[in-house]
There are 2 protein chains.
Amino acid sequence: MIKVLLVDDHQLFGEGMRSMFTAEDGIAIVKVTTNGHQIPTILKDLEIDVILLDISMPQIDGIGVMELLKNEGFDLPVLMLTMHKEMKYIRRTLEKGAQGYILKDASKPELVEAIQKVSRRENYFHPKINNQIFDYLRGGKGSNAADLINELSEREIEIIGCLAKGMNGRAVAEALFISEHTVKTHRRNIMHKLGTKNTAELITFSIEQGII
Amino acid sequence: MIKVLLVDDHQLFGEGMRSMFTAEDGIAIVKVTTNGHQIPTILKDLEIDVILLDISMPQIDGIGVMELLKNEGFDLPVLMLTMHKEMKYIRRTLEKGAQGYILKDASKPELVEAIQKVSRRENYFHPKINNQIFDYLRGGKGSNAADLINELSEREIEIIGCLAKGMNGRAVAEALFISEHTVKTHRRNIMHKLGTKNTAELITFSIEQGII
DNA sequence: GTAATAATACCACTTTGGGGGTATTAAAGC
DNA sequence: GCTTTAATACCCCCAAAGTGGTATTATTAC
């Protein structure tokens, strides 16, 4: 019997999931919580094999929960269970060490397979996610999108994030404690690397490609 | 026994809901579909008391389903069951004749109460929704993000789309066969409506809010 | 018939963005 | 040691964005 902790802010979804699994499935949702902050307490009380984790939650989001688990020293396989199929979320959660990624429009047999695999420390990706990753890696015209992104430095991604918030050159400079000239240089380098004509296109591209 | 049809694109949610109700609840989810277009066929085959309807779905959204039901001459109480608490959605569905509105982060007893009320042709609004409506009426239009979007005209959305592609004022003007001055006026009005400081923030906001 | 809205267009002005350079420093790779 | 890369910073210049107005016309709403 695989013991699962479900973290999802939608109570109804949680209750539904809980009553969906019977002894025959070999899977039991032993606990449901809507607040990620409660996870450490729960893990100390209960024996858990797999964590089923949603991304968009009010108190602390899925990414935050992954960081929390790492900082607290918990080493449990995490299966992301979410409605988001955007590359941005997939990439972020995998970077944080998620063992698998499945969508809420999956079927029960698919979820069972995913939980079983993840409990054995195998990776699971929903077929739709695989396609998404494939498209992502294949990228745009001629050049590889993933490579373009890899060419960006951490600082450059930081700059993009600031610009996306509507900050202008001066605001970014003040926020990062650097000169306006430097911000300008960074922006220029970024646009050159990504092949965008202006900041507006840079933002669109960055969001589409999951850079920010 | 209240017989319910659930329309939701997330298979897992549907299966969970189905197994959540037992005979004791006096409620049975007799059918789950992920495609709103199948509703007329289902209603002709099965006896249904209440329709539980999600809003965001790929083939046809909740608003579209409401229209479909009306056009086909079906008169069944509809309870909206969705994650969206934005006034935009609440208002639209109520305009189309929804009998109630409940959120996915409600509890099972709340849902049971909602289904019972709606089946008796009484209205049901989740407490959080009531607050939302109260805020809306108190703050007037344009008081939250979702309503800001409704204030945009079709032309303005078209302009945003062009800007997101990296087109500058002149390029947009040429594409839409209008003057650069007009584009500038539109952009200004859009930024004023959405409360953004510059084009970069405008793009971020528009993508996040699903305007483009 | 009047009020409100959407789409159009213009003027004048200031600020910011975007393109061309060049250069120094520290860290990382070979 | 030498080279490469990332991050920093400055110069000049012009185009574009952004801000303050005003205004006409057609359509929709009441």
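- Salt bridge absent: Glu15(B) and Arg18(B) never bring a charged side-chain N and a carboxylate O closer than 4.0 Å.
- The nearest whole Å value for the distance from the CD atom in Glu201(A) to the P atom in dA16(D) is 15 Å.
- Near DNA chain C, defined here as any heavy-atom distance below 4.0 Å, there are no residues from residues 164-177 of chain B.
- Side chains of Arg188(B) and His192(B) form no contact here, defined as non-hydrogen atoms less than 4.5 Å apart.
- Checked against salt bridge (Lys or Arg N to Asp or Glu O under 4.0 Å), Glu110(A) has no partners two or more places apart in sequence or in another chain.
- Lys70(A) and Glu67(A) are not joined by a salt bridge, as no carboxylate oxygen comes within less than 4.0 angstrom of a charged side-chain nitrogen.
- Between the CD atom of Glu154(A) and the P atom of dA28(C) there is a distance of 14 Å, given to the nearest Å.
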**Verdict with supporting geometry, Asn168(B) and Lys197(A), side-chain contact (heavy atoms from CB on, under 4.5 Å)** = CA-CA 9 Å; Asn168(B) 64 16; Lys197(A) 289 183 295 297; over 6 Å; no

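- Between Glu158(B) atom CD and dA6(C) atom P the separation is 15 Å, expressed in whole Å.
- Residues of residues 179-191 of chain B that place a heavy atom closer than 4.0 Å to DNA chain D, in numerical order, are Lys184(B), Arg187(B), Arg188(B), Met191(B).
- One can place NE2 of His192(A) at 11 Å from C1' of dG19(C), the figure rounded to the nearest angstrom.
- At whole-Å resolution of the value, NZ in Lys197(A) and C1' in dG18(C) are 13 Å apart.
- By the 4.5 Å heavy-atom criterion applied to side chains, Ile2(B) and Phe21(B) are not counted as neighbours.
- To the nearest angstrom, P of dA7(D) lies 6 Å from CD of Glu156(A).
- What separates CD1 of Ile159(A) from P of dA6(D) is a distance of 14 Å, to the nearest Å.
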Between side-chain atoms of residues 4-13 of chain B and protein atoms elsewhere (two or more places apart, or another chain), which donor-acceptor pairs fall under 3.5 Å?
residue : atom : partner   : partner atom : Å
Asp8(B) : OD1  : His10(B)  : N            : 2.8
Asp8(B) : OD2  : Lys104(B) : NZ           : 2.8

Between side-chain atoms of residues 37-51 of chain B and protein atoms elsewhere (two or more places apart, or another chain), which donor-acceptor pairs fall under 3.5 Å?
residue  : atom : partner  : partner atom : Å
Gln38(B) : OE1  : Thr33(B) : OG1          : 2.8
Asp49(B) : OD2  : Lys3(B)  : N            : 2.7

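- In this structure, Leu79(B) CG and Ile115(B) CD1 are separated by 6.5 Å, a value rounded to the nearest 0.5 Å.
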Its contact letters, B for base, S for sugar-phosphate only and - for none at protein heavy atoms under 4.0 Å, make nucleotides 25-30 of chain D read ------

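- Checked by atom type and distance alone, the side chain of Thr204(A) pairs as donor or acceptor with a backbone atom of Ala164(B) at under 3.5 Å.
- If you measure from atom CG of Asn198(B) to atom C1' of dG18(C), you get 15 Å, rounded to the nearest angstrom.
- Side-chain N or O atoms of Glu180(A) include none that pairs as donor or acceptor with a backbone N or O of Gly169(A) at under 3.5 Å.
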